[in-house]
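Here is the structure we will look at, set down as C-alpha cells.
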Amino acid sequence: MTAAVPTLATQYDPFATEPTWQAFWEERGFYVADPEQDGETFSMVLPPPNVTGRLHMGHAFAFALPDVVTRYKRMNGFNVLWVPGTDHASIGVHTVLEKQLNQEGKTRFDLGREAFLARAWAWKEESQSTITGQLRRLGLSLDWSRERFTMDEGLNKAVIEAFVRLYDAGLIYRAEYLVNWCPASQSAVSDIEVENKEVQSHLWHFRYPLAEEPDTYLVVATTRPETMLGDTAVAVHPEDDRYKPLIGKSIKLPIQDRLIPIVADEYVDPEFGSGCVKITPAHDPNDFEIGKRHNLPFINVMNKDGSINENGGPMQGLDRFDARKEIVKWFEEHELLERIEDYTHSVPYSDRGGVPIEPYLSIQWFCDVSGMASHCLEESHQQNPKFAPDRWTKVYEGWLEKLRPWCVSRQLWWGHQIPAWYVAGNGDPQAYVVARDEDEAYERAREKYGAGVQLERESDVLDTWFSSGLWPFSTLGWPEKTPDLERYYPNSLMSTGFDIIFFWVARMTMMGTQLTSDCAMPFADVYINGLVRDENGAKMSKSKGNGIDPLELMDRYGTDALRFALIKEVVGAGQDVRLAYDRKTGESSTVEASRNFANKIWNASRFVMLNLEGKTPAQLGEPAVEHLEWCDRWILSRFHSTTQQVTEQIERFGMGEAARSLYSFIWDEFCDWYIELVKPRLRSEDETAKITARQVLATVLEGTLRLLHPWMPHITEEIWQTLTQCERQTSISVQRYPAAEERLIDATSEADFAIALDIIRTLRNLRAEANLPPGKPITAILQSQNETERSVLARAREYICDLGRVESLTVTEALAEEPKQVAAGVVGTIQVLVPLAGLVDIEALRAKLEKDLGKIEGEITGIRKRLDNPGFIKKAPADVVAGNHKHLAELEKQAEILRDRLNKLS
RNA sequence: GGACGCAUAGCUCAGUUGGUUAGAGUACCACGUUGACAUCGUGGGGGUCACUGGUUCGAGUCCAGUUGCGUCCACCA
C-alpha cells in the first residue's frame, strides 16, 4: 500500500497482507546470505522438520522464537544466515508408507525396493512442499536459496564421507547384539525411538521341574511367557540359602524338554518373587548380560515379524502373542501354572511402529561413540556449547555419561544406504569393505580379498539421526571447503526443543567435533525452547489427539497474532507455554488478544498517518528539542527506556519479556496516553506545536515499528512501507534496529509525569463514582502544600484539563473557601476536589471516603508497627528506614485530608 | 525408582538481587459510540500468593519437608 496520501482501512486484514510480504521478502532476497559481506557472523540451521506430513504447534513455536533472534541480529548489522531444510525421517516415512500399503493389502516386499523408494520420493515431494509452504507462511526469515534435504545429493555425499571416515578411524563395526526390534517395521530401532508405556498385564508364575527330581520345582515369574521357549538357565542369588544346594543342578524346561542349568548371579534380587529368574539371553537385555557371564547358549526363538521360529518347537509359526496364550494354556493343563498375578509394568513400544518392541539378537552396524562422548563431556564442562536455560546442560551431560554403542543400521529401504560391500558367497559376516563408492569398494576389496572378488552392497540404511547429526556442517557444503563453511561454521546458535537434546543435539556435538577439521563444536549456544501445552496443560501428542493446528489459528487470527501470542507467553528462556483454546468454536483467547493488539497498532498508525498530511517521518524530520513539550519528552523517554529493556531482554533470550514490554509501551503508553495528549495540538492553530507533534508521532511510530518487527514481521512491514512511502525499494527487516539513547531517558521526569496521569485517573474515578456523565465538563480544585507537587500540576495543567474534561481548574496551596458538596480523592499529598452542583448522594460519598481512609489507615498501622520494631530500625538499611518514614508521613497527610473531608461532609 | 519444571484473581500468567497491604491480560459489572480503533474507551469488583515448618527486623520472593500437576530418564523377572 503505497498511495501518495497514505490511508489504511479501519481494520487490519492480515490475510491479504501477510502472503504479499512473504513473497516480497523471498523474491527480493533480503534473507539470502553473502559470505563476502561485512558484519559479524550470525548463523543458524533450522531443525529440519520431518517430511511425514505437516507442521504442528510445536514447530510454529520453536521456529518463531529463533526468527525473533535472527531478525534482531540482522537489523543490528550482523551477517546472518539461517538455513532451511527438511529431514527424510527414515522410519517415520517408512511407517506411513507401510500403512498405506497395508490398506491396499500389500507389503513392501510385494512392491520391491525400487518401487517402494519411488513411492517414498513421491511422498517426500508432497510433504516437503506442504512443509516449506508452512514455513514460509510463518514468516520466517530463512535463506531459501540454501534450502537442503537430508537425502539430497550433497548431503548423501556428506553422509557417505562421514561413515567412511568413522569406519577408517575404527569407530564403525558390525556385531551381534541384542537390539530393540520393531516387528511392525521389521527393523532395529535405537533406544531413544522406544517409548515406555504403563500397561496393565499379568505376572505369570511357572513351575520349572528339577531334572533329577521331577516332582520338585522352582517357581519363576515372567511378564512374557513366550520367551520361555528360549530359556537357557534359571538364576538364583549366590547367597540365597533356599537355593544354594541347587546351584549347578539342572531344570528340565517344560515344552522344550531341554536341560538347562541353575546358575548363581548377583543380579537376582532374592526378595523379589520366588527369588528365581528364568534366563532368556536372546530375548532380554539383562539375561543377555547374564548369558555372557555364564557362557549360556543364545537361542533366538523369533522371526523378524515377531512370530515364533523353528526353535520354538510346537509353537513354531504362532505370533508372539498367540504363543503367549498357548504357552499359558499348556502350563495350566500340565499343572505347572503356579498362579497369575495382576501386574502393572512398563512395556517398551516402538515409537513409530506402535507395537511392543522385542529385544532381538541380530547382526547390526554400530558406532563406538565413547571417545566422542567423553570429549563432548569435557567440552561441556567448559560450557561448550552453552545451554539456555542452563539446566539443560545437566540433561545433556547425563546422556553423554551413560551412552552405549549407537546402533546405526536400520533394515529399511528409505534412507542413506550404508556404504559397505560384502564379499559375495562368503558366509563370514565380517567379510566386507567400507568405501565411498563401488570403484573404491572393489579397490579396497581386491587388496584384502584378492583380484577375483565379487561384491554385494549392504542393503541396510542408516539411522536418520546419523545424517541429522551432520546437519550444521553438511548443509554448508562439508566435506568441501566451501566459502559458506568457512564463513558460517561453526554456527552461532542452535535453537531447538528439549525433547531432541538426546536424539539430535548430542549427535551433532559428537559428529561435529569428530569430523570437522578443527574439531570445533558445531554451535556456541544452544537455546532450548519449552513445549506448547494444550488448554489443559498437557503435552500435545498425536496419540492423545489433543493437538491444536497452527494453521487454523493463523487462518482465524493471522500469523503475526499467533507468533506474538506464543512468544508473549514465554517466561525467561524456555518455559513451557499453555495455549487457551476452545475446541468447540476453534477460538483461542490468547491469540485473539494478540490479534486485537495488531489491530490496535494498525489503528494507532492509521491515526498518526491521517495527521501527517502525507509526509513521511524523514520528510518531517526530527523534532527540534526546544519545541518539545513535556509529554513529547515523556514519550521519547519511554520509547528509549523500552528500547533499552527490549534489547537487554532479547540478549538473554527473554523474548517473552521483551514482547510484554513492547505490548505495554505501545498500548498503555503510546496509544492510551500519548496519542490522547497530543490530539489538541494537532487541531490547534499553532503551526510550530502542530509540526512538533507530528514529528514526535512520526518518529516514535517509525521507531516502534522497527522495535516490534522481529515479533510481528508482517504488520510492521505493511505499516512501515506505507509510513515511509518507500515504494518497496527496501524492507523494514533490513533497517537498523533502534538503539536506546540514554540522554533522552529521564527517570525523574517520568515519575513526575506519572503523578499527572494519576491526577487524571483520580478525576475520572471521582466522576464515575459521582455518576457524572463522561462528557460533562467539571470544575476541579487541586490543593497541595508541597511546592514540587504544585509545579508538576502547573506543568500538567493542560493535560489535566483536556483528558479530565475540566473546564475550570484551580491549583492552590490552601483552600480559600470550602465548597459545600465535593467528591474528593488524594494523590500523593495532593487533595483532588470536584465540587458537585445540585443533588448528590451524601452517603455514597461518605462510603467512598471511608473506604479510601480505611485502606490508608491499614497501611499506616503496618508501617508504624514496622518502625516501632527496634530490630527493624537497627538492622534494616538506612534508605529503607528513611523510605518508610517518608511514606508514613505521606500516608498520614492523606489520612488527614480524608478525615477532614469526612468531617465536612455533614 | 531418579531428575527437572510448575503451584499467585474465575481462567492464562507477571512479580527482577527478600523491603511500603501483590500486578497485567482475559472473563465479569457499570457507563460511553465528540473523526485512529467496539478487534475500542473510562471506571469498578475480585487474591489467606498450594500446605507445614524454618531463616530474618521483614518472606509471594530464601531453606527444608508435604501435597498436587506436568515433563523427561530408568526399570526387577
Side-chain angles (χ1 to χ4, degrees), chain A residues 8 10-12 192 196 203 205 220-224 227 235 267-269 271-280 284-287 345-346 348 389 391-392 394-395 398-399 402 498-499 501-502 530-531 533 535-539 557 561 568-569 571 574-580 589-590 592-611 656-657 660 663-664 667-668 671-672 675-676 679 683 761 764-769 771 773-775 855-856 858-859 861-863 866 869-877 879-881 883-884 886-888 890-891:
Chain A
L8 297 171
T10 55
Q11 283 204 353
Y12 174 55
I192 43 185
N196 292 299
L203 198 53
H205 297 257
V220 296
T222 180
T223 53
R224 293 185 297 150
T227 61
Y267 162 80
V268 179
D269 176 4
E271 306 292 318
F272 189 92
S274 64
C276 302
V277 184
K278 61 189 267 312
I279 303 298
T280 324
D284 183 276
N286 293 312
D287 295 5
H345 65 136
S346 63
R391 65 188 139 94
W392 294 111
K394 213 177 136 186
V395 174
W399 164 259
K402 59 178 178 59
F498 66 91
D499 50 335
I501 291 176
F502 305 143
L531 93 177
R533 304 205 201 157
E535 67 277 20
N536 300 314
K539 184 182 177 177
Y557 302 110
K568 188 168 172 275
E569 295 295 312
V571 183
Q575 198 67 263
D576 291 353
V577 302
R578 191 192 293 212
L579 195 62
S589 57
T590 314
E592 189 180 309
S594 292
R595 189 272 314 266
N596 295 352
F597 176 54
N599 199 54
K600 188 73 184 175
I601 297 162
W602 181 258
N603 276 295
S605 306
R606 191 166 159 263
F607 170 81
V608 171
M609 284 187 258
L610 287 170
N611 283 287
E657 282 80 357
R660 278 172 262 139
Y663 183 95
S664 102
W667 202 316
D668 303 340
C671 294
D672 286 354
I675 287 185
E676 295 307 322
K679 276 177 179 174
R683 292 188 218 111
R761 266 189 220 106
R764 285 169 173 169
N765 169 271
L766 294 176
R767 177 195 290 278
E769 296 286 345
N771 267 324
K855 195 184 169 199
I856 287 168
E859 263 185 87
T861 311
I863 295 192
R866 185 174 308 127
N869 182 338
F872 177 71
I873 301 295
K874 212 167 84 186
K875 296 191 177 172
D879 60 321
V880 173
V881 177
N884 273 271
K886 195 180 158 216
H887 190 229
L888 179 64
E890 190 179 307
L891 288 171

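So that the names make sense, note that chain A is the first sequence line, chain B the second, and so on, each numbered from 1.
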Under 4.0 Å from OP1 or OP2 of [N]: is there any side-chain N or O of [X] that close?
{"X": "A/Asn765", "N": "B/rG44", "answer": "yes"}
{"X": "A/Trp667", "N": "B/rG41", "answer": "yes"}
{"X": "A/Asn596", "N": "B/rC40", "answer": "yes"}
{"X": "A/Lys394", "N": "B/rC4", "answer": "yes"}

Can you find an N or O donor on one side and an acceptor on the other, under 3.5 Å apart, linking the side chain of [X] with the base of [N]?
{"X": "A/Thr10", "N": "B/rC37", "answer": "no"}
{"X": "A/Arg578", "N": "B/rU12", "answer": "no"}
{"X": "A/Glu676", "N": "B/rA36", "answer": "yes"}
{"X": "A/Lys568", "N": "B/rA14", "answer": "no"}

* To do: Could you check A/Pro870 against A/Ala768 and say which one's nearest nucleotide on RNA chain B is further toward the 5' end?
  => A/Ala768
* Could you say whether A/Ala876 or A/Trp399 is positioned toward the 5' end of RNA chain B, judged by the nucleotide with the nearest heavy atom to each? =>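 By nearest-heavy-atom nucleotide position, the 5'-most residue is A/Ala876.
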Any N/O pairs under 3.5 Å between the protein and nucleotides 5-9 of chain B? List them or say none.
| unit_1 | atom_1 | unit_2 | atom_2 | d |
| --- | --- | --- | --- | --- |
| B/rG5 | O2' | A/Gln575 | OE1 | 3.0 |

* Whether A/Phe597 and A/Trp667 hold their rings parallel, tilted or perpendicular, with breakpoints at 30° and 60° -> parallel
What protein N or O atoms touch nucleotides 45-49 of chain B N or O atoms at under 3.5 angstrom, if any, and at what distances?
| unit_1 | atom_1 | unit_2 | atom_2 | d |
| --- | --- | --- | --- | --- |
| B/rG45 | OP1 | A/Lys851 | NZ | 2.4 |

* Asked: A/Tyr12 near the nucleic acid: base, sugar-phosphate alone, or nothing, with a heavy-atom cut-off under 4.0 Å?
  -> nothing
* If pairs are Watson-Crick or G-U with both distances under 3.5 Å, what is the dot-bracket string of RNA chain B, marking crossing pairs with [ ] and pairs to another strand with |? -> (((((((..((((.....[...)))).(((((.......))))).....(((((..]....))))))))))))....
* Does A/Lys600 make a cation-pi contact with A/Tyr663 (under 6.0 Å, within 45 degrees of the axis)? -> no
* Structure fact -> A/Arg595 CZ to B/rC37 P, in whole Å, measures 16 Å
* Closest to side chain of A/Arg606, choosing from B/rA77, B/rA36, B/rC75 ->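 When the side chain of A/Arg606 is considered, B/rA36 is the closest of B/rA77, B/rA36, B/rC75.
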